[in-house]
Amino acid sequence: MMSDATVTFDLEVEIDYGQLYIYSVAPWADDSDNDAMLRALDDARGSGRWVGVADGVIDLVVPFRKSFDAPMRVEVWPAEPPSDDDNWDHVVDVDFDVRNGQLVFEPSGGFTPIRCSEPVPSGRYRARVSGRGYAEMAKGAEGLDSYRIRLWPRDGENAAELRKSWPGWEHVK
């Protein structure tokens with residue numbers, strides 16, 4: 001399928017303790033007491049979306065503990081992209097702002113954040129976070145998960161939306 005994305009690039013991310021934080025500017029950089037990571041996790045779990053947000057941080061929660069070198073595709077679109085939810089295990093839309101042209105992926109547990117090698121235009125976005133390979137990874141397979149974040153401009157504030165839920169969440173503790 002041809003992409004109408006204006007920016008597309010691929011990188012590899014790490015997931016630890018079942019979480020990956022995505023942000024543009026770390027809210028704790030200027031406030032060491034900021035607990036956005038914990039609040040985003042509470043939002044992810046409490047909402048049943050398994051993708052939470054707080055203070056500009058997206059917390060992508062997965063049903064397994066670790067994943068190294070997981071493929072992540074970043075796409076920036078001029079408008080909402082066409083749905084391809086059938087190709088993914090889990091899909092969630094959230095509001096997300098890029099304030100400094102950077103996108104950062106940080107695994108939970110204190111590993112080094114991974115910054116996108118290419119700039120992402122600053123702006124107010126809707127973000128569609130998608131993941132797949134959950135069933136295989138939850139059963140102990142390695143290297144079968146992959147992710148994508150699609151960004152497109154937004155005007156106002158929107159509620160987070162669970163577009164597709166991986167059915168195995170009910171068995172994850």
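Only a predicted model underlies this, so the values are computations on that prediction, with no experimental measurement involved. In this chain, residues are counted from 1 in sequence order. FYI, side chains are in, hydrogens and waters are out, and symmetry mates aren't considered; it's all heavy atoms of this structure.
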Are Leu11 and Leu20 connected in the hydrophobic side-chain network, where two residues link if heavy atoms are under 4.5 Å apart? yes
Between Glu136 and Glu142, is the side chain to side chain contact (heavy atoms under 4.5 Å, CB included) condition met? List the steps. CA-CA 8 Å; Glu136 297 84 354; Glu142 293 183 17; over 6 Å; no
Tell me which one of Arg128, Arg150, Arg126 satisfies side-chain contact (heavy atoms from CB on, under 4.5 Å) with Glu80. Arg128
If I compare all heavy atoms of Phe9 with all of Pro119, which pair ends up nearest, and what's the gap? CE2-O, 4.5 Å
I'd like to check Leu60 versus Val62 (side-chain heavy atoms, cut-off strictly below 4.5 Å). Are they in contact? yes
For Pro27 and Ala36 the tightest heavy-atom approach is CG-CB, 3.7 Å
Would you call Arg132-Asp145 a salt bridge at under 4.0 Å N-O? no
Is Ile149 close to Met72 at the side-chain level, that is, under 4.5 Å between some pair of heavy atoms? yes
Nearest 0.5 Å, what's the CH2-CG distance between Trp28 and Asp33? 13.5 Å
Taking C-beta and beyond as the side chain, do Phe105 and Pro113 meet within less than 4.5 Å on heavy atoms? no
Any chance you could lay out the side chain to side chain contact (heavy atoms under 4.5 Å, CB included) test for Ser122 and Arg99, step after step, and finish with the verdict? CA-CA 5 Å; Ser122 295; Arg99 297 192 336 219; 5.7 Å; no
Pick out which of Val98, Asp97, Val104 makes a side-chain contact (heavy atoms from CB on, under 4.5 Å) with Ser24. Val98
Run the side chain to side chain contact (heavy atoms under 4.5 Å, CB included) test on Val57 and Glu106 for me, step by step, so that the C-alpha distance in whole Å, both residues' side-chain angles and the decisive distance to 0.1 Å come before the verdict. CA-CA 10 Å; Val57 175; Glu106 182 175 339; over 6 Å; no
For Glu12, does the CD atom have more than 12 heavy-atom neighbours from other residues, nucleotides or ligands under 6.0 Å away? yes
Could you tell me if the side chain of Arg45 sits less than 4.5 Å from the side chain of Trp50, heavy atoms only? yes
Can you hop from Leu41 to Phe64 via hydrophobic side chains spaced under 4.5 Å? yes
Look at the rings of Tyr134 and Tyr147 and say which category their plane angle falls in: under 30° parallel, 30 to 60° tilted, over 60° perpendicular. tilted
Assess the residue pair Lys164 and Asp85 against the criterion (salt bridge (Lys or Arg N to Asp or Glu O under 4.0 Å)); give the C-alpha distance rounded to whole Å, side-chain angles, the decisive distance to 0.1 Å, and a yes or no. CA-CA 7 Å; Lys164 182 177 183 182; Asp85 295 354; over 6 Å; no
Do Tyr23 and Asp59 make a side-chain contact, defined as non-hydrogen atoms from C-beta onward lying under 4.5 Å apart? no
Tyr125 versus Leu151, closest heavy-atom pair with distance: CD2-CB, 3.6 Å
Minimum heavy-atom separation for Ala127 to Phe96, with atom names? CB-CB, 3.9 Å
Salt bridge between Glu157 and Arg124, side-chain N to carboxylate O under 4.0 Å? yes
Intermediate values then yes/no, side chain to side chain contact (heavy atoms under 4.5 Å, CB included), Asp4 and Trp77: CA-CA 7 Å; Asp4 290 330; Trp77 290 72; 3.6 Å; yes
Distance only, no hydrogens: is a donor on one side chain within 3.5 Å (strictly under) of an acceptor on the other, for Ser108 and Asp16? no
Can any side-chain N or O of His90 pair as donor or acceptor with the backbone N or O of Trp166 at less than 3.5 Å? yes
State plainly whether one hydrophobic cluster holds both Ile114 and Val129, where clusters connect Ile, Leu, Val, Met, Phe, Trp and Tyr through side-chain heavy atoms under 4.5 angstrom apart. yes
Take atom CZ in Arg65; do more than 12 heavy atoms of anything else shown fall under 6.0 Å from it? yes
Closest contact, heavy atoms only, Ala54 versus Ala40: CB-N, 3.7 Å
Does any part of the side chain of Val51, heavy atoms only, come nearer than 4.5 Å to the side chain of Val61, both counted from C-beta? no
Minimum side-chain heavy-atom gap Asp93-Arg163 below 4.5 Å: yes
Taking C-beta and beyond as the side chain, do Ile15 and Pro107 meet within less than 4.5 Å on heavy atoms? no
Hey, any chance Met137 and Phe111 share a hydrophobic cluster, counting ILVMFWY side chains that come within less than 4.5 Å of each other, even indirectly? no
Would Val94 end up clustered with Val13 when hydrophobic side chains under 4.5 Å apart are linked, directly or stepwise? yes
Using salt bridge (Lys or Arg N to Asp or Glu O under 4.0 Å), reason through Asp43 and Arg49 one step at a time and then give a plain yes or no. CA-CA 8 Å; Asp43 181 45; Arg49 288 188 316 269; 2.5 Å; yes
Minimum heavy-atom separation for Ala79 and Pro153, please, with both atom names. N-CD, 4.3 Å
Going from OG on Ser130 to CG on Asp84, what distance comes out if it is rounded to the nearest 0.5 angstrom? 6.5 Å
